[in-house]
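A quick note: this is a predicted structure, and the numbers were derived from the prediction, not measured. Just so you know, residue 1 is the first one in the sequence shown, and it goes up from there.
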Amino acid sequence: MPPTPRFDVVVVGGGIVGLATAYEVARSGRSVAVLEREPRLANHQTGNNSGVIHSGLYYAPGSFKARLAVAGCAETVAFCREHDLPHEITGKLVVATEPEELPRLAELSRRGDANGVPNRELDQAGMREHEPHVRGIAALYVPSTGITDYRAIAEKLGELVVKEGGEVHLGRAVRRIVRRAADVVARTEDGDLLGTQVVVCAGLRCDEVAKAAGADPDIRIIPFRGEYSGFGDRAAALVKGLIYPVPDPAFPFLGVHATRGIDGHVHAGPNAVLALAREGYSWGAIKPREFLETITYPGMLRIARRHWRYGFGEMHRSLSRKAMVTQIQRMLPEVQAADLHPAGAGVRAQAVKPDGTLVDDFLFVEQGRVDGSAGPPAVLHVLNAPSPAATAALPIGREIVARLGRP
């Protein structure tokens with residue numbers, strides 16, 4: 001029997017964060033293998049988002065999100081230029097449509113200034129210079145925001161990992177992670193891999209993998225599906241770039257926004273409805289056991305009690321094209337229901353605490369050596385990496401590798 005393959009680092013998860021981490025490991029001269037359960041890289045959150053390169057405007061100063069998104073915005077553009085990947089710096093408008101949104105718009109400007117994100121306040125005439133068909137009472141213009149194809153970036157990272165001597169294994173789901181005195185075993189149905197260290201970037205399954213490694217993540221991943229509506233040609237002509245609402249600070253979602261993607265098509269969304277399975281990309285994708293686990297989780301029950309009105313509003317927009325267009329018309333009044341068609345969906349892996357708190361920042365949990373000895377972590381879990389994780393993937397990879405240290 002051949003010896004079990006051994007690597008300095010084994011990365012679980014072939015989304016953009018896992019691949020950026022593996023690339024950083026490989027560039028440092030260490031051996032690395034990526035284990036992805038799907039037959040293709042970037043099959044879930046990475047490959048099903050709006051494609052926006054976020055500027056770092058929204059996030060609390062000093063947070064992981066703020067620091068890593070601002071760095072990631074510039075690095076994503078530089079990476080695309082270096083490797084001739086599709087991208088465009090479009091800028092975006094954040095539009096206030098009601099007077100009560102103006103203080104929140106001012107707070108966004110303050111955060112942008114604190115995070116080093118250029119932004120400019122615009123009146124109605126100023127916003128229409130950028131988007132002639134938009135309606136609002138004031139807006140912020142953020143020039144550094146752009147668009148790209150994150151699946152293309154992830155696939156390029158996978159190529160670079162292999163070029164640097166690493167390995168990428170598709171269709172290999174990790175069932176268990178076992179810490180030992182000198183290494184960590186990643187058990188799959190197709191055999192084990194040994195790593196001096198293991199990094200888990202498992203997205204929608206990260207809490208399950210954490211438990212399979214003997215960790216107590218103290219969160220549950222709640223899957224929220226975000227559905228997109230495509231614009232027909234008439235409505236698409238009304239949108240030049242990116243048009244966002246002022247987000248509600250009570251939720252980690254940015255609201256229904258209009259985006260002209262890198263392929264030229266315009267879409268609006270996403271909404272945020274509870275998915276009926278971890279990979280529940282439609283109402284017909286149901287896994288009863290997973291759905292039961294979600295709706296009986298204490299944190300989810302608390303969210304439902306506090307925000308049931310919001311949840312029903314999101315469901316209504318999911319099921320009613322008329323309700324969806326009403327939301328879009330707040331900023332783009334000329335769009336009609338007949339202009340909309342389904343344009344795919346993504347599922348966000350949202351970490352929720354037992355008390356119902358939605359984890360807003362990136363969340364890392366480390367497991368030490370099984371014998372309790374001091375030193376770098378044996379296993380590092382990435383337990384919350386929602387938007388802007390795709391934008392921030394390259395600096396997140398560096399952050400993770402810095403936490404791994406040098407064994």
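- Counting non-hydrogen atoms of neighbouring residues, nucleotides and ligands closer than 6.0 angstrom, the CG atom of Asp84 reaches no more than 12 such neighbours.
- To the nearest 0.5 Å, atoms CZ (Arg302) and OH (Tyr297) are separated by 9.0 Å.
- A side-chain N or O of Glu227 and one of Asn271 form a donor-acceptor pair less than 3.5 Å apart.
- For Gln197 (side chain) and Pro377 (main-chain N/O), a donor-acceptor pair under 3.5 Å exists by modelled atom type.
- Side-chain N or O atoms of Tyr150 include one that pairs as donor or acceptor with a backbone N or O of Val52 at under 3.5 Å.
- Side-chain N or O atoms of Thr148 include one that pairs as donor or acceptor with a backbone N or O of Pro86 at under 3.5 Å.
- The aromatic rings of Tyr244 and Tyr58 are tilted relative to each other, their planes meeting at an angle between 30° and 60°.
- Atoms OG and CG, on Ser63 and Asn115 in that order, are 7.0 Å from each other to the nearest 0.5 Å.
- A donor-acceptor pair is defined here as one N or O able to donate and one able to accept, closer than 3.5 Å; no such pair exists between the side chain of Ser320 and the backbone of Arg317.
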Q: Evaluate the salt bridge (Lys or Arg N to Asp or Glu O under 4.0 Å) criterion for residues Glu189 and Arg172: first the C-alpha distance (whole Å), next the side-chain angles of each, then the deciding distance (0.1 Å), finally the verdict.
A: CA-CA 7 Å; Glu189 292 178 350; Arg172 286 187 80 171; over 6 Å; no
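- A donor-acceptor contact under 3.5 angstrom links the side chains of Gln367 and His381, judged on distance only.
- The one candidate from Arg135, Gln329, Arg330 that meets the side chain to side chain donor-acceptor pair (under 3.5 Å) condition with Thr97 is Arg330.
- Judged purely by distance below 3.5 Å, without hydrogens or angles, the side chains of Ser109 and Asn119 pair a donor atom with an acceptor atom.
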Q: Please lay out, stage by stage, how Val347 and His44 fare under the test side-chain contact (heavy atoms from CB on, under 4.5 Å).
A: CA-CA 7 Å; Val347 179; His44 292 297; over 6 Å; no
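- Between Phe7 and the choices Val32, Leu193, Val198, the side-chain contact (heavy atoms from CB on, under 4.5 Å) rule is met once, by Leu193.
- A ring-centre distance under 6.0 Å is not found for Phe64 and Tyr59.
- Of the possible polar contacts, one joining the Thr188 side chain to the Asp190 backbone as a donor-acceptor pair under 3.5 Å is found.
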Q: Using the salt bridge (Lys or Arg N to Asp or Glu O under 4.0 Å) rule, take Glu164 and Arg27 through it: C-alpha gap first, then chi angles, then the decisive distance, then the call.
A: CA-CA 7 Å; Glu164 293 284 348; Arg27 289 205 300 172; over 6 Å; no
Q. So Tyr141 and His130, ring-ring contact (aromatic ring centres under 6.0 Å, His included) or not? Walk me through it.
A. CA-CA 9 Å; Tyr141 178 63; His130 294 279; 3.9 Å; yes
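- Note on Asp113 versus Arg110: no salt bridge recorded, every NZ/NE/NH1/NH2 to OD/OE distance being 4.0 Å or above.
- Of the charged side-chain nitrogens involved, at least one lies within less than 4.0 Å of a carboxylate oxygen, so that Arg111 and Glu107 count as a salt-bridged pair.
- In this structure, the side chain of Arg179 does not engage the main chain of Ala378 through any donor-acceptor pair within 3.5 Å.
- In this structure, Arg260 contributes its side chain and Ala236 its backbone to a donor-acceptor pair below 3.5 Å.
- The CG atom of Asp360 sits 8.0 Å away from the CD atom of Gln350 when rounded to the nearest 0.5 Å.
- Side-chain contact check for Tyr228 and Thr259: no donor-acceptor pair (N or O, by modelled atom type) lies under 3.5 Å.
- In this structure, Leu274 CG and Phe224 CZ are separated by 6.0 Å, a value rounded to the nearest 0.5 Å.
- A distance of 4.5 Å separates CG in Asp192 from CZ in Arg187, rounded to the nearest 0.5 Å.
- Using a cutoff of 4.0 Å between basic side-chain nitrogens and carboxylate oxygens, Lys353 and Asp218 are not scored as salt-bridged.
- The number of heavy atoms from other shown groups lying within 6.0 Å of CZ (Arg306) is above 12.
- Residues Arg205 and Glu290 are paired through a salt bridge, judged by an N-O separation under 4.0 Å between the basic side chain and the carboxylate.
- Remark: the backbone N or O of Glu293 is paired with a side-chain donor or acceptor of Arg220 at under 3.5 angstrom.
- Salt bridge annotation for Asp361-Arg67: absent, with no cationic side-chain nitrogen under 4.0 angstrom from a carboxylate oxygen.
- Atom NZ of Lys287 has more than 12 neighbouring heavy atoms from other residues, nucleotides or ligands inside a 6.0 Å radius.
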(Q) Using the rule given for side-chain contact (heavy atoms from CB on, under 4.5 Å), can you reason through Glu88 versus Ile262, listing the C-alpha separation, both sets of side-chain angles and the distance that settles it, and then say yes or no? (A) CA-CA 7 Å; Glu88 184 180 351; Ile262 200 66; 4.2 Å; yes
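- A donor-acceptor pair shorter than 3.5 Å cannot be found between the side chains of His169 and Glu36.
- Using a 30° and 60° split on the angle between ring planes, Phe79 and His83 fall in the tilted class, from 30° to 60°.
- With rounding to the nearest 0.5 Å, the separation of CG in Asp339 from CG in Leu238 is 7.5 Å.
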